[in-house]
Amino acid sequence: MTDSPLSRLSRDLSGLMLKTSPADLEFYGRDWTRRWAPAPLAIALPASIGEVQAIVRWALQEAISLVPSGGRTGLSGGAVAANGELVVSFERMNRVLAFDPVDRILAVQPGLALEALQRAAIEHGLIYPVDFAARGSCSIGGNIATNAGGIRVIRYGNTREWIAGLKVVSGSGELLDLNRGLVKNSSGYDLRHLMIGAEGTLGLIVEASVRLTDPAPASNVMLLAVPAMQALMQVFSSCRRKLGLSAFEFFTDRALAHVVAHGAQDPFEQVSPYYLVAEFDAADETQQALAGEVFEECFENGWVNDGVISQSSSQAASLWRLREGITESLAPLKPYKNDISVRTSAIPAFMQAMREIFDREYPECEVVWFGHIGDGNLHINVIRSASTSEEAFIADCERVTSLLSETLARFGGSISAEHGIGLVKKKYLAGTRSDAEIAMMRQIKRVLDPSGIMNPGKIFDSD
Ligand code: MLT
Ligand code: ZN
């Protein structure tokens, strides 16, 4: 091998697994956005923290950027390597390391799949409550890097709430052991929280201490057909008042059509413009009866015109499929994705404002709304019409996303609720974060990543 940065890496770190075949560069260089052509230098698959530190030292010496890589299920380009970077895949660092029953903390490696983490929690009689459809493929490291949310945020919060400690190799190669599982720690800046949601721009997460909790009470799922947008929040208030909600999700008739075309079962005879999925505690007959009361109240007021309450876990799963299968059913169409949040109370006015903009600006595109409406988080997926080129479509969506960003600013919302900024939302960051905040973020990056080797170009460009 000629003397090159990569040959020096193999020489200095003889046990390190490296992949360089064109198929691997393609496979590891992209995420679910599929918009950028992958072009990494190579893929490193470290097996230990020591190897990760050695990779960072090498990257500093060679001035080569690093892109951390988990399950690559991200939807905003955060794990894309398109500029000769070394992808650091945590695929081999995917073990549960230890469980402490007193602290109820599981120490895990970053490459552990979310579903494997959930299973490990159950083995200890507890749960890890963060959950979403990509559970089988995404990794906990990636979840932490985007502060992933999902379907149970309304009860359990985002990933951030469950991270009791983090080990991170910073951009200067230091191993930081942050918070160490402490419940109480009032000793200056909590750098752990800075790393959560940083999309790998400050350092590489090499270990996480994840807090577990008691198993959830038995639950049922209710699917409600809603005739009008204004009724969505009325149904929400009614459900919240009477039920112990663990999820409150929404989708439109268009989303339903796609998911049904992919094999899900529509339980209703009539089409409604909106649907809500509520998951609620149903441990006893009293709780179960409350769901009936909620339905009656909503029905009598004209807020819902049909509904189904699951009678078995398999029926609950098929109702959930109607919501959770949406992303997969749309994926072949390569939709342009928005992932926004506003305060939940602002949802009706915001939706109305955006509907007017989308009707006017997307005359030829199909706009599919769904999401975690109980958290104020909506996913708006726009589908290209057959007559528009991919390039023209993206340009058009970017123009309309600027209008979305302006509307979000008026409503005090955010351009990304849970997918992250990555490459996709970078140009809109300034719409909902102030110049002063972005300048401070840049300064923070300079402190933790002085050479700018950690996932550069994601979230914002360095100045
Ligand atoms: C979901 O909640 O299903 C995903 O986060 C949304 C998406 O695919 O846009
Ligand atoms: Zn989501």
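Remember, it's a predicted structure, so these values are computed and weren't measured experimentally. In listed order, ligands and their atoms are each counted from 1. Numbers here are sequence positions counted from 1.
Although no hydrogens or angles enter the test, the distance criterion places a donor-acceptor pair under 3.5 Å between the side chain of Glu418 and the main chain of Gly150. Remark: side-chain polar atoms of Asp449 are paired, donor with acceptor, to backbone N or O of Met454 under 3.5 angstrom.
Closest protein heavy atom to atom 5 (O) of ligand 1: His419 NE2, 2.8 Å. Looking from atom 9 (O) of ligand 1 to the surrounding protein, the closest heavy atom is Lys337 NZ, 3.1 Å. The protein non-hydrogen atom at the shortest distance from atom 2 (O) of ligand 1 is Arg323 NH2, 2.7 Å.
At a cut-off of 2.8 Å, measuring from the Zn ion (ligand 2), the protein N, O or S atoms that fall short of it are His372 NE2, His379 NE2, Glu418 OE2, waters left aside.
Contact annotation: for Leu75 versus ligand 1, heavy atoms closer than 4.0 Å belong to the side chain alone. Residue Phe370 touches ligand 1 through its side chain alone, judged by heavy-atom distances below 4.0 Å.
Contact atoms of ligand 1 toward His372: 2 (O) (distance under 4.0 Å to a heavy atom of the residue). Close contacts between ligand 1 and Glu418 involve ligand atoms 2 (O), 5 (O) [criterion: under 4.0 Å to a heavy atom]. Near Asn381, with a cut-off below 4.0 Å to any heavy atom, the atoms of ligand 1 are 9 (O). When each atom of ligand 1 is checked for a heavy atom of Thr327 under 4.0 Å away, the hits are 1 (C), 3 (O), 4 (C), 6 (C), 7 (C), 8 (O).
For the ring pair (Phe, Tyr, Trp, His ring centres under 6.0 Å) test, residues two or more places apart in sequence or in another chain that qualify with Phe248 are Phe236.
Residue pairs meeting the ring-ring contact (aromatic ring centres under 6.0 Å, His included) criterion with at least one member in residues 104-127, sequence neighbours excluded, are Phe99-His124. Residue pairs meeting the salt bridge (Lys or Arg N to Asp or Glu O under 4.0 Å) criterion with at least one partner in residues 245-271, sequence neighbours excluded, are Glu249-Arg323.
Taking 4.0 Å as the cut-off between side-chain N and carboxylate O, Glu123 and Arg119 do not count as a salt-bridged pair. Taking a cutoff of 4.0 Å between a charged side-chain nitrogen and a carboxylate oxygen, Arg135 and Glu324 qualify as a salt bridge. Salt bridge Lys458/Glu85: absent, no basic N to carboxylate O contact under 4.0 Å.
Remark: Arg34 CZ is packed, more than 12 non-hydrogen atoms of other residues, nucleotides or ligands lying under 6.0 Å away.
Remark: of the listed residues Tyr274, Tyr275, Phe358, Phe251, Phe358 is the sole one forming a ring-ring contact (aromatic ring centres under 6.0 Å, His included) with Trp369.
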